[in-house]
Amino acid sequence: MYISQQIAANAVNQVLSGHNLTLALPAALAVFPSATPQQRGAAQDLSYGTLRFYGEIDAYLVQLLEKPLTDDRINALLLVAIYQLLHDKADSFTVVNQAVHAVSQLKRPAPKSWAKGLVNAILRNFLRQKAQLAAKLKSSDVAVYSYPQWWVSKLKVQYPNHWQGMLETGNQHPPMTLRVNTQKISMQDYLQLLTRQDIEAKHIGAQALILANPVPVEKIPGFSDGIVSVQDLGAQLAAYLLEAKVGMNVLDACCAPGGKTGHILELADVALTALDSDEVRLQRVQSNLSRMKLKANLLVGDASMTDWWSDAKTAPQLFDRILADVPCSASGIVRRHVDIKWLRREADIASFTRQQAKILANLWQMLAKGGKLLYVTCSVFNEENQGQVDNFLQNNADATQLPFALPDNYAAAEITQINGQLIPTNAHDGFFYALLQKN
Ligand SMILES: C[S@@+](CC[C@H](N)C(=O)[O-])C[C@H]1O[C@@H](n2cnc3c(N)ncnc32)[C@H](O)[C@@H]1O
């Protein structure tokens, strides 16, 4: 287990110094090529868990240290071990012994001679004094909820009735949700396929199924044939709200990795242009569409510019529908991306808001009269959501925001929403939707 602790500590340390966990974890795993699949799995659980509860764990550690540690690697090993002692089922003495062993295995530079003794003493003090230490943390939002203070304060103001539940939901393990292509197989038949494979699932509305336990995609019946895709229930709303009809000219403006692109094409045979500024991410759209045997015109381009849309030779083509799933803080999907809480800075929100405003204004000119643009974020911050839309409406007299209504086939879905803002729950992430029509 000490190998898993070391890998997780390395990944956590990388995130705390500003790197993305999606890159940091594979890099940390690569240092231990001989790690077994179990050790790798445990390392992933430990790194996600430690970052999910970093605010709480760090608050304990700060109390236990006389002064901050100068060796970040030891600090991270202590964070991982405290996570295990607080939230894992592992035996506490085993955790402590493995953490001490993990310190002794650190190389280049080798830790100071006192490091093992220090780690041992801190973790044993933690076990002895846990109750007294816990009592001192109760007044700190960061320690209680494990989010930065600015994030908690913002949600308290913006969601006086929901902030606490939203924070707690963000600290839970996300479910694995599937989207079944009901043009190819009925929900009932697909559920039977799952039962035959001993995969327990619940139909939660429209085309969505929640699995009782996550399953590797290779084991999901029909995944490789494109009959089924992995997509959160909240994200599955986009294609329905867009209401693209057969033959329409549709733009999916920030499309990668293509979850919503595939869904739009499953629901209607449209002429779809799928744009993303990231060429590498766009390749994932292509492989997703190939799996689903669907076609779109894929373009690398910036949705805040027009160079990919019109040139001097051809008249620009207006779109009947535009999906603008803009880059955002991703504050509504923290349970899937636990590093976001610690990587984002409050000032980032203003910079996302500016970028979104540019994209929205630019795409608006590409929309045909009578056409609809669906503005989407996976954020719960008002500045990026209704605040953004209100500013846009003030500057664009030809725009009307249509009332938000769940499509009929969503009647059974466990969606909690306030005017297009999905309040994240166990069943879905915290997306925001605004449907804008051009008069
Ligand atoms: C929220 S993700 C989109 C998720 C996607 N719609 C889906 O359902 O799978 C935002 C995407 O916007 C892309 N992006 C960021 N800035 C952009 C820009 N200025 N123009 C076009 N795409 C952009 C990012 O590369 C990223 O793939």
Side-chain angles (χ1 to χ4, degrees), residues 20 22-23 174 177-179 207-208 217 226 229-242 244 250-267 270 272-292 294 296-309 319 321-334 336-337 340 343-344 348-349 351-366 373-381 384-385 388 422 424 428-434:
N20 206 307
T22 324
L23 298 176
T177 309
L178 304 183
R179 183 187 82 230
Q207 296 167 260
V217 283
S229 300
V230 178
Q231 192 181 33
D232 175 73
L233 170 70
Q236 291 188 35
L237 256 180
Y240 287 111
L241 293 174
L242 191 65
V250 179
L251 172 68
D252 183 358
C254 300
C255 67
K260 301 181 186 79
T261 320
H263 198 192
I264 294 168
L265 289 165
E266 278 175 4
L267 293 184
V270 297
L272 186 65
T273 301
L275 178 84
D276 203 279
S277 55
D278 186 328
E279 197 169 352
V280 176
R281 281 173 66 85
L282 202 61
Q283 285 163 12
R284 289 179 58 196
V285 183
Q286 183 53 65
S287 63
N288 264 324
L289 291 182
S290 302
R291 181 180 61 81
M292 291 183 257
L294 296 168
N297 173 27
L298 300 193
L299 292 180
V300 180
D302 184 338
S304 67
M305 312 278 280
T306 53
D307 51 346
W308 53 270
W309 179 54
F319 296 100
R321 295 285 184 272
I322 297 179
L323 175 63
D325 191 4
V326 294
C328 70
S329 63
S331 51
I333 54 170
V334 275
R336 297 182 195 279
H337 298 280
I340 284 172
L343 293 174
R344 293 276 178 266
D348 296 342
I349 308 308
S351 121
F352 278 121
T353 307
R354 281 193 295 276
Q355 193 187 5
Q356 293 153 356
K358 264 179 86 178
I359 292 177
L360 187 51
N362 184 54
L363 294 178
W364 193 246
Q365 65 183 310
M366 302 176 182
L373 181 150
L374 184 65
Y375 176 82
V376 186
T377 74
C378 54
S379 168
V380 289
F381 297 144
E384 301 178 89
N385 296 343
Q388 176 77 265
L422 273 49
H428 61 79
D429 290 333
F431 280 86
F432 171 77
Y433 289 104

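We use all heavy atoms of the structure for the numbers below, so side chains are in, but hydrogens, waters and symmetry mates are not. Counting convention: from 1, in listed order, for ligands and their atoms alike.
Side-chain atoms of Gln355 and Ser351 include no donor-acceptor pair closer than 3.5 Å. Between the side chains of Asn385 and Thr377, a donor-acceptor pair is found at a separation under 3.5 Å.
Contacts of Ala238 with ligand 1, taken as heavy-atom pairs under 4.0 Å, are absent altogether.
Considering backbone and side-chain N/O atoms, Ile359 never comes within less than 3.5 Å of an N/O atom of ligand 1. Some N or O of Gly259 is nearer than 3.5 Å to an N or O of ligand 1, by distance alone. Considering both main-chain and side-chain atoms, Gln231 never comes within under 3.5 Å of ligand 1 through any nitrogen or oxygen pair.
Taking atom 15 (C) of ligand 1 as the reference point, the nearest protein heavy-atom neighbour is Pro327 CG, 3.5 Å. Nearest protein neighbour of atom 10 (C) of ligand 1, counting heavy atoms only, is Asp325 O, 3.6 Å.
The two residues Cys254 and Ile359 have their closest heavy-atom pair at SG-CD1, 4.5 Å. Across every non-hydrogen atom of Gln356 and Pro327, the tightest pair is NE2-O, 2.9 Å. Residue Tyr375 comes nearest to Glu384 through the heavy atom pair OH-O, 2.7 Å, listed as atom of the first residue, atom of the second, then distance. Taking every heavy atom of both residues into account, Ala239 and His263 meet most closely at CB-ND1, 3.4 Å. The two residues Trp309 and Gln365 come nearest to each other via the heavy atoms CH2-O, 3.9 Å.
In this structure, Ala253 is part of the shell of residues with a heavy atom less than 4.0 angstrom from ligand 1. Ligand 1 is never approached by Lys358 to a heavy-atom distance shorter than 4.0 Å. Between Cys378 and ligand 1 there is no heavy-atom distance shorter than 4.0 Å.
With ligand atoms numbered from 1 in the order given, ligand 1 contributes 20 (N), 21 (C) to contacts under 4.0 Å with heavy atoms of Gly301. In summary, the atoms of ligand 1 found under 4.0 Å from a heavy atom of Ala303, numbered by their order in the structure, are 18 (C), 19 (N), 20 (N), 21 (C).
Of the options Thr261, Leu282, Asp276, Leu363, the smallest heavy-atom separation from atom 24 (C) of ligand 1 is shown by Asp276.
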